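As the structure is a computational prediction, the values presented were derived from the model and not from experiment. We name chains A, B, ... by the order of the sequence lines, and we start the count at 1 in each one.
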Number of protein chains: 2
Amino acid sequence: MERCLVSEVESNLDKTVKLQGWVHRIRKLGKIAFILLRDRTGIIQCVINTKEVDIKDLRLESVIEVNGVVKKNKDTFEVQVDSLKVLSLVKEELPIEINTEDIEANIDTVLDHRVLSMRNEKVNAVFKIEAEIAHGFSEYLQTQGFTEIFTPKITAEGAEGGTELFELKYFDRKAYLAQSPQFYKQMMVAAGYERVFEIGHVYRAESHDTKRHLNEYVSMDLEMGFINDERDLIKLECELLKYIFKNIKEKCPKELKLLEVEIPELQGELPVMTLQKAIKILREKYNKTDLTTDIDHEGEELIGRFIKEEYNSDFVFLTKYTKEKRPMYTMPCEENLTHSFDLIFRGMEITTGGQRIHDYEMLKNSMIEKGLNPEDFKNYLDTFKFGMPPHGGLAIGLERLTMNLLKLDNIREAEAFVRDKKRILP
Amino acid sequence: MERCLVSEVESNLDKTVKLQGWVHRIRKLGKIAFILLRDRTGIIQCVINTKEVDIKDLRLESVIEVNGVVKKNKDTFEVQVDSLKVLSLVKEELPIEINTEDIEANIDTVLDHRVLSMRNEKVNAVFKIEAEIAHGFSEYLQTQGFTEIFTPKITAEGAEGGTELFELKYFDRKAYLAQSPQFYKQMMVAAGYERVFEIGHVYRAESHDTKRHLNEYVSMDLEMGFINDERDLIKLECELLKYIFKNIKEKCPKELKLLEVEIPELQGELPVMTLQKAIKILREKYNKTDLTTDIDHEGEELIGRFIKEEYNSDFVFLTKYTKEKRPMYTMPCEENLTHSFDLIFRGMEITTGGQRIHDYEMLKNSMIEKGLNPEDFKNYLDTFKFGMPPHGGLAIGLERLTMNLLKLDNIREAEAFVRDKKRILP
């Protein structure tokens, strides 16, 4: 007999079905036992006559197969079990209780027992939604003529110039794990693809321990040729986010309901503000006077609050960051400013982007200005000698976006297997 | 004015358009010059009166913007240029000639000048097709209830047990780059997702230099719970390949034509043969007598030829590899054999897969039998204590599949930026 999924039970009333899944709960009432069976599509009650079917060794989270008839009991469907087979028997006490609405344990315990904690329905839902965020990103960009690329994570040249790289022994040489696909995505624009995207791991050897940082995370990157300036990227990102949100509403209604998450409505254009104006507002309205050329985490939170109150928006693009605060490849504008932006979502940065320099001499001089040696970037720099269109791009941290969208407390809740300073296991 | 893509020129007859792209070819005929302009969608002829529009500094591969009127000249469309603007001027001789049908250079030169070589139409087409192979993989599995996962590439436990790992300094500890997402995809099955897939980089510190191996490549992995045995995986892979091939035929007709590639027809089921039978055929039909418990590269080639001749198939699944030749997590069957398979495509292995052990004690004993210490795999092994369904999976090397499908000579032609023993740049 073919397996019947829990989601298919309702369409099999009075028929005999075979179900397979985990034992979610066991309740005994005299000779009758009720087992909640859980598979990837949901949970169903199985009714067992313990005189006929032996379940005395059965513990929670064992994997079982039951054969039985689908019945309707008032408004709910259940399965009257004829036979039960254990596919994988749990013999020990579970180290963590997971079949409650929320797991009552701290984040470290949750991460230590990651496979079990992900079986909790709410925790499980997070990663289904995360997958659909990534699909939305990929699907929308494909409709806009973008080509997906796969660029190396083992590199010789550090993308942003220097610090916070994981070092690697590559045969008889030193190499590094890529901090971003920055150079390679620009090179793929120049290779004639014009519009490219990548969803892949990036590595930051930052030793700080915050609720917003991971040392290995998934970056959703795009790069686009033949733009006028950063405003083309801002426009693209608005449409991209609309598509991503529409996609998860369609694909994950059950998961969103379970997590009680409301997806923000994106109508029309999102607010855009220069960094300079943001700093002025922070000074005048919030008496935050310590900012001059950059914004800090507290400032982002306050601007997020301001935008919510004044524009009823969860999002704001901050533009024109200073040259000093942006990497050497950023296109400058006016005096000391750049064609760059961050996207702040509910008070936290989820995107950094901007127009890039496409002129060879300008890029070389920008490296020198930043104290970098152009010789160290020869392969990248040479690209700009042989026809590089005006271009720019952006990156969205997948776990960051998931965290903020689902209002999780800690970015670690948005990564299946966390890599931070303390953790390389499981 | 909005940019008009080359592919949109035909629908703009007699209208003024703005085109942007690279200078593919220049031909002068008295006062008239013909420039072939190339963008991501194609090539178009631009006709220039050099008395009115100055192009004397223009070299091949410069990036330009032209305004002009679309005209039809016999059967072909061209643009009568009114004005031309240089967006990025090439000032040097190109180090490699790319605007020929095929690049006349050896693979090292092609890889050294990767950005330029990818502008060649045929080379460019390879990576568009490769992207669509990956999309086909992802899309088909989504229709079958699979969840996409993103698992760590920095690991503490080596997946296959031991050798050929790249070592990494992870803060104050030693870590390794993942050889495969094997443990993590199994753990995601156990986490309740049941069916998962990942498209991501894997790392093999193998020092051999062949036309079929890379040290960093993209692995398309899947893992599926509640299977009966390896035959469920073989069935799934047949359908998966059908979908992938259908998808590239639909999405890349131009690219396939350019490369003169014929996509194999997959009708009905693909041939399946035990390894033991293959070895017998090799001995009896090809006088290849050196094989007993495994098959080598030459054997795969010969079996590929045999299957083509006897069954008119480009594919054959070889099954029941010996325990000795398969990793410790492989489900054994009969005496010394396993529920495993390879898929041979045109004489080369593109997939390894099989059913996995799901019983804790059996897995632990299998580790010990292989001379491994279960303590070294504690996190992985503990997963099997708390309810693990019968399961199995497979992996397809993206570059391998691309290489064989497009009949490329060297797997390096199927990777944009190659990582092999010699190469970490560009």
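- Within the 4.5 angstrom heavy-atom criterion, only side-chain atoms of B:Pro390, from C-beta onward, approach chain A.
- Residue with the most contacts toward chain B among A:Gly192, A:Ala175, A:Pro152: A:Pro152 (heavy-atom pairs, distance under 4.5 Å).
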Begin with the C-alpha distance, continue with both residues' side-chain angles, and end with the deciding distance and a verdict on side-chain contact (heavy atoms from CB on, under 4.5 Å) for A:His201 and B:His201.
-> CA-CA 9 Å; A:His201 282 96; B:His201 284 96; over 6 Å; no

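- Interface remark: A:Phe146 contributes no atoms to any contact with chain B (heavy atom separation under 4.5 Å).
- Here A:Arg195 is the residue among A:Glu130, A:Arg114, A:Arg195 with the most heavy-atom pairs under 4.5 Å with chain B.
- If you measure heavy-atom distances from B:Ala416 to chain A, the contacts under 4.5 Å come from the side chain alone.
- In this structure, OH on B:Tyr203 lies 9.0 Å from CG on A:Leu168, to the nearest 0.5 angstrom.
- Chosen from A:Lys169, A:Met187, A:Glu65, A:Lys91, the residue pairing most often with chain B at heavy-atom distances under 4.5 Å is A:Met187.
- A pairwise comparison of heavy atoms in B:Ser88 and A:Gly387 identifies OG-CA, 3.6 Å as the closest pair.
- B:Arg419 contributes a side-chain N or O that, together with a main-chain N or O of A:Ile154, makes up a donor-acceptor pair within less than 3.5 Å.
- Contact annotation for B:Glu198: only side-chain heavy atoms (C-beta onward) come within less than 4.5 Å of a heavy atom of chain A.
- Qualifying ring pair (Phe, Tyr, Trp, His ring centres under 6.0 Å) partners for A:Phe417, counting only residues two or more places apart in sequence or in other chains: B:Tyr184.
- Interface remark: of the candidates B:His358, B:Arg40, B:Arg3, B:Gln20, B:Arg40 forms the most heavy-atom pairs closer than 4.5 Å to chain A.
- With chain A as the partner, the residue from B:Lys378, B:Met388, B:Glu194, B:Glu61 showing the most heavy-atom pairs under 4.5 Å is B:Glu194.
- Contacts of B:Ile98 with chain A are absent, with no heavy-atom separation under 4.5 Å from either backbone or side chain.
- The residues B:Lys251 and A:Glu148 are annotated as not salt-bridged, no charged nitrogen and carboxylate oxygen being separated by less than 4.0 angstrom.
- To the nearest 0.5 Å, atom CG of residue B:Asp382 and atom CG of residue A:Leu116 are 9.5 Å apart.
- When all heavy atoms of A:Pro389 and B:Trp22 are compared, the pair lying nearest together is CD-CZ2, 3.6 Å.
- Residue B:Leu60 does not touch chain A at all, counting heavy-atom pairs closer than 4.5 Å.
- Counting heavy-atom pairs closer than 4.5 Å to chain A, the top residue among B:Val123, B:Thr41, B:Asp420 is B:Asp420.
- Heavy atoms closer than 4.5 Å to chain B are found nowhere in A:Glu121, neither backbone nor side chain.
- With a 4.5 angstrom heavy-atom cutoff, B:Asp39 touches chain A via backbone and side-chain atoms both.
- Heavy atoms of B:Asn228 lying under 4.5 Å from chain A are absent altogether.
- Judged by distance alone, the side chain of A:Tyr170 and the main-chain N or O of B:Ala205 form no donor-acceptor pair under 3.5 Å.
- Each of A:Val86, A:Thr147, A:Asp112, A:Leu425 has some count of heavy-atom pairs under 4.5 Å with chain B, and the biggest count is that of A:Leu425.
- Among B:Met188, B:Glu415, B:Glu139, the residue making the largest number of heavy-atom pairs under 4.5 Å with chain A is B:Met188.
- Contact record, B:Arg173 with A:Lys422: NH2-O, 2.8 Å, taken as the closest heavy-atom pair.
- With sequence neighbours excluded, the residues that form a side chain to side chain donor-acceptor pair (under 3.5 Å) with B:Gln142 are A:His135, B:Ser138.
- Annotation: the span from B:Leu89 atom CG to A:Tyr360 atom OH amounts to 14.5 Å, rounded to 0.5 Å.
- A perpendicular orientation is assigned to the rings of B:Phe166 and A:Phe171, their planes being inclined by more than 60° (bins at 30° and 60°).
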List the steps, then state whether side-chain contact (heavy atoms from CB on, under 4.5 Å) holds for A:Lys128 with B:Tyr193.
-> CA-CA 9 Å; A:Lys128 287 202 171 167; B:Tyr193 297 100; 3.8 Å; yes

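- Interface remark: of the candidates B:Tyr217, B:Phe226, B:Phe150, B:Phe226 forms the most heavy-atom pairs closer than 4.5 Å to chain A.
- For B:Ala156 against A:Ile424, the heavy-atom pair with the smallest separation is CB-CD1, 3.8 Å.
- Contact of B:Val23 with chain A is not made at all, since no heavy-atom distance falls under 4.5 Å.
- In this structure, chain A has a heavy atom under 4.5 Å from the side chain of B:Glu132, while its backbone stays farther away.
- Of the two parts of A:Leu177, only the side chain, counted from C-beta on, holds a non-hydrogen atom closer than 4.5 Å to a non-hydrogen atom of chain B.
- If you tally non-hydrogen atom pairs under 4.5 Å between each of B:Gly200, B:Ala134, B:Pro95 and chain A, the highest count goes to B:Pro95.
- A donor-acceptor distance shorter than 3.5 angstrom exists from the side chain of B:Glu216 to the backbone of A:Lys153, with no hydrogens or angles considered.
- Using a 4.5 Å cut-off between heavy atoms, B:Val196 does not touch chain A at all.
- Between the side chain of B:Tyr380 and the main chain of A:Pro426, no donor-acceptor pair closer than 3.5 Å is present.
- Looking at B:Glu399, neither its backbone nor its side chain comes within 4.5 Å of chain A, counting heavy atoms on both sides.
- In the displayed structure, B:Glu97 atom CD is contacted under 6.0 Å by at most 12 heavy atoms of other residues, nucleotides or ligands.
- Heavy atoms only, all atoms of each residue included: A:Asn124 and B:Ala191 are closest at ND2-O, 3.2 Å.
- How far CZ of B:Arg119 is from CZ of A:Phe386: 9.0 Å, rounded to the nearest 0.5 Å.
- In terms of heavy-atom pairs under 4.5 Å with chain B, the best-connected choice from A:Gly145, A:Ser117, A:Ser62 is A:Gly145.
- Only the side chain of A:Ile199 comes within contact range of chain B, with heavy atoms under 4.5 Å apart.
- Looking at B:Asp359, there are no atoms closer than 4.5 Å to chain A (heavy atoms on both sides), in backbone or side chain.
- With a 4.5 Å cut-off on non-hydrogen atoms, A:Val418 does not touch chain B at all.
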